[in-house]
Amino acid sequence: MLDQRLIRENPKLIADGLKNRGIEIDLEQLQLKSERLKDIEQQRNKLQAQGNSIGKEVGQKIREGVKPNSNEIDLLRSKGNKIKQKVAELEEVEKEISEEIKNTILTLPNIPNKECPIGKDEKNNIVIRSWGEPIKSKDYKDHWSIAEDLGLLDTQRSVRISKSRFVTLFNEGARLERALINFMLDLHTNKGYTEVLPPALVNTASLTASGQLPKFSDESFRCIEDDLWLTPTAEVPLTSLHREEIIPLKNLPIRYVAYSPCFRREAGSYGRDTRGLIRLHQFNKVELYWFVHPENSRKAHEQITKDAEDVLKALELPYRVVELCTGDLGFSASRTYDLEVWLPGAETFREISSSSLCNDFQARRSSIRTKDGKTNVLVHTLNASGLAVGRTMAALLENGQSSDGTVALPKALVPYFGASKLKPQSK
RNA sequence: GGAGAGAUGGCCGAGUGGUCGAAGGCGCAGCACUGGAAAUGCUGUAUAGGGGCAACUCUAUCGAGGGUUCGAAUCCCUCUCUCUCCGCCA
């Protein structure tokens with residue numbers, strides 16, 4: 001959520017920021033509304049002050065022995081009633097306007113950071129650095145062919161159970177998924193992250209706090225009867241973990257790592273990535289999440305990104321870091337690095353982690369502050385996947401494959417998986 | 001799902017119509033005392049918004065919303081949540 005004060009005092013700054021995202025919006029209306037609201041609030045404040053002093057006067061007089069039904073008191077009473085009526089009228093207008101303003105502001109995305117490269121879409125993203133040697137060979141197979149050959153998953157039966165874009169893992173597939181989750185959690189907790197296992201169902205307030213609502217209700221599965229939603233990412237419960245809190249300065253930075261299943265409706269992605277483990281309605285993810293003092297958020301963004309990269313390095317998976325341009329940023333982000341893993345079977349780099357700095361955008365929606373001296377300041381929040389587990393498995397299968405049908409696993413995974421290779425099951 | 005109890009500041013807890021943003025305690029911070037600490041004493045310690053260079057000041061907030069009243073933490077209505085017992089259950 002954007003700062004309403006900033007909208008009043010410097011709407012150009014916001015309009016320019018949003019323009020770089022490709023959003024043309026006339027903030028004048030909003031600015032006028034906000035100013036009008038402030039005006040009404042001031043009027044109401046004055047009236048309420050008058051009303052309060054009348055109330056005190058009545059109390060005072062009665063204590064001094066003036067009869068409650070005397071003319072003097074009656075006069076004050078009617079004065080008080082008039083004020084009360086005016087206040088009620090103002091409140092009605094005030095409520096209406098403030099609701100309008102809030103509804104609008106909640107649909108506005110974050111403004112990009114100054115460093116964020118300006119551009120229209122993903123073509124303007126910038127490759128920052130690369131790691132590892134991407135294998136380029138026409139003989140490499142897609143991960144779903146490998147997975148099927150090895151008996152790791154069954155997509156057809158998954159449709160029987162639920163529908164398309166769900167997957168059921170078997171044998172070494174299931175085991176590998178579990179190994180990856182444990183491996184990632186250990187890697188991060190060893191660096192001092194606090195492990196969290198949050199609820200998979202979250203309420204509307206939580207989704208609003210992190211930015212998924214009100215704008216992207218199409219993207220999440222909903223349980224109508226209970227007004228709960230399936231988490232699209234652990235970012236949602238992790239943000240709300242500290243909603244409406246003032247975090248003591250000495251507790252910052254807070255660094256969480258959470259495994260969670262993630263559920264996404266993938267509305268509007270018909271026909272894209274229909275096979276394999278890339279785009280599913282349900283997938284597993286290990287998420288990194290930081291709460292930091294605003295002064296430290298830039299550095300924190302570099303660090304959280306490196307922490308995510310460390311997973312790819314440990315798994316010996318070639319990747320590149322791409323900085324998203326303004327037009328490609330997610331709703332809550334002010335700056336984002338995507339980690340893209342190399343998939344030799346698909347002959348492409350694929351997003352496996354997204355590392356975002358949200359500044360105070362989510363903190364304002366969630367009212368998460370820290371006490372800095374005498375004043376309370378909104379914290380900054382950051383999130384990064386560390387990593388998307390299904391896509392990691394896809395990358396391991398494609399990168400580790402060999403012509404004899406086996407898949408070599410990275411050394412780091414052996415203690416977790418219990419073997420250094422995936423072999424075709426003898427039937 | 002059925003029955004009952006409750007929701008007050010960081011925490012505990014008092015307050016049943018007026019000067020209550022709220023006693024008291026704990027905690028926390030500062031100062032004094034000490035070689036240092038403990039103990040003790042003193043002072044301070046909610047959030048949001050508005051005005052003022054500032055000292056400061058105004059408004060709102062005692063789970064949420066509505067009502068009665070000149071005036072509500074306190075009375076009335078609705079909702080939500082929490083706890084206890086019973087039932088069911090991994």
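The chains referred to below are lettered A, B, ... by the order of the sequence lines, with proteins before strands, and numbering in each begins at 1.
- The closest donor-acceptor contact from the side chain of A/T231 to the backbone of A/L201 lies at 3.5 Å or more, if one exists at all.
- Nucleotides B/G17 and B/G10, compared at atom P, are 27 Å apart to the nearest Å.
- With contacts defined as side-chain heavy-atom distances shorter than 4.5 Å, the pair A/R391/A/V341 does not qualify.
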Nucleic acid footprint by protein, nucleotides 65-72 of chain B - heavy-atom cut-off 4.0 Å, B for base, S for sugar-phosphate alone: -S--BBS-
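- To the nearest whole angstrom, the two P atoms, one in B/A60 and one in B/A55, are 22 Å apart.
- One atom, NZ of A/K250, and another, C1' of B/G10, lie 11 Å apart when rounded to the nearest Å.
- Nucleotides B/C53 and B/U47 are separated by 25 Å at their C1' atoms, to the nearest Å.
- Nucleotide B/A60 holds its P atom 15 Å from the CD atom of A/Q42, rounded to whole Å.
- Nucleotides B/C58 and B/U82 are separated by 36 Å at their C1' atoms, to the nearest Å.
- Checked against A/M184 for a side chain to side chain contact (heavy atoms under 4.5 Å, CB included), the options A/V389, A/L288, A/D310 give a single hit: A/V389.
- A/R364 comes within 4.0 angstrom of nothing in the nucleic acid, heavy atoms only.
- Rounded to an integer number of Å, the gap from A/D372 CG to B/U47 P is 13 Å.
- Across all strands shown, B/G36 remains unpaired; no Watson-Crick or G-U wobble contact has both distances below 3.5 Å.
- Nucleotides B/U61 and B/G66 place their P atoms 11 Å apart, quoted to the nearest Å.
- Between the side chains of A/E235 and A/S210, no donor-acceptor pair is found at a separation under 3.5 Å.
- Comparing B/A60, B/U47, B/G50 against the side chain of A/N52 picks out B/A60 as the nearest.
- Among A/V322, A/L324, A/T305, the one residue that satisfies the side chain to side chain contact (heavy atoms under 4.5 Å, CB included) test with A/Y337 is A/T305.
- Distance noted for atom C1' between B/A22 and B/U78: 26 Å (whole Å).
- Among the candidates A/T239, A/T233, A/T194, the single residue satisfying the side chain to side chain donor-acceptor pair (under 3.5 Å) test with A/Y289 is A/T239.
- The interatomic distance linking A/I246 (CD1) with B/A48 (P) rounds to 6 Å, in whole Å.
- When both pairing distances are held under 3.5 Å, B/C20 makes no Watson-Crick or G-U pair with any nucleotide shown.
- In this structure, B/U61 forms a base pair with B/A46, meeting either the Watson-Crick or the G-U wobble geometry with both donor-acceptor distances under 3.5 Å.
- Straight-line distance between the C1' atoms of B/C70 and B/C56: roughly 29 Å, to the nearest whole Å.
- Distance, A/Q60 CD to B/G17 C1': 17 Å, rounded to whole Å.
- A straight line from CG of A/D39 to C1' of B/G49 spans 15 Å, rounded to a whole angstrom.
- B/A55 is unpaired under the Watson-Crick or G-U wobble criterion, no partner having all donor-acceptor distances under 3.5 Å.
- Nucleotide B/U80 is matched to B/A7 when pairs are restricted to Watson-Crick or G-U wobble geometry with both distances under 3.5 angstrom.
- Base pairing of B/C75: its partner is B/G67, meeting the Watson-Crick or G-U wobble criterion (both donor-acceptor distances under 3.5 Å).
- Take the nearest nucleotide of RNA chain B for A/K38 and for A/N45: the residue whose nucleotide is more 5' is A/K38.
- The nearest whole Å value for the distance from the CD atom in A/Q48 to the P atom in B/A48 is 19 Å.
- Atom-to-atom, CD1 of A/I40 to P of B/C58 comes out at 24 Å; the value is rounded to the nearest Å.
- Listed by first and then second residue, the ring pair (Phe, Tyr, Trp, His ring centres under 6.0 Å) pairs that reach into residues 207-237 of chain A are A/F216-A/F331, A/F221-A/H281, sequence neighbours excluded.
- Contact of A/R63 with B/U19 (side chain to base): a donor-acceptor pair of N or O atoms is detected under 3.5 Å.
- The ring pair (Phe, Tyr, Trp, His ring centres under 6.0 Å) test applied to A/H380 returns no partner, not counting sequence neighbours.
- The phosphate of B/A46 has neither OP1 nor OP2 within less than 4.0 Å of any side-chain N or O from A/K371.
- OP1 or OP2 of B/U47 lies within a sub-4.0 Å distance of a side-chain N or O belonging to A/N376.
- Straight-line distance between the P atoms of B/G13 and B/A90: roughly 36 Å, to the nearest whole Å.
- For the residue pair A/T168 and A/D154, no side-chain donor N or O sits within less than 3.5 Å of a side-chain acceptor on the partner.
- Among B/A60, B/G49, B/U47, the nucleotide with an atom closest to any side-chain atom of A/R369 is B/U47.
- With a 3.5 Å ceiling on both atom-pair distances, the Watson-Crick or G-U wobble partner of B/C31 is B/G41.
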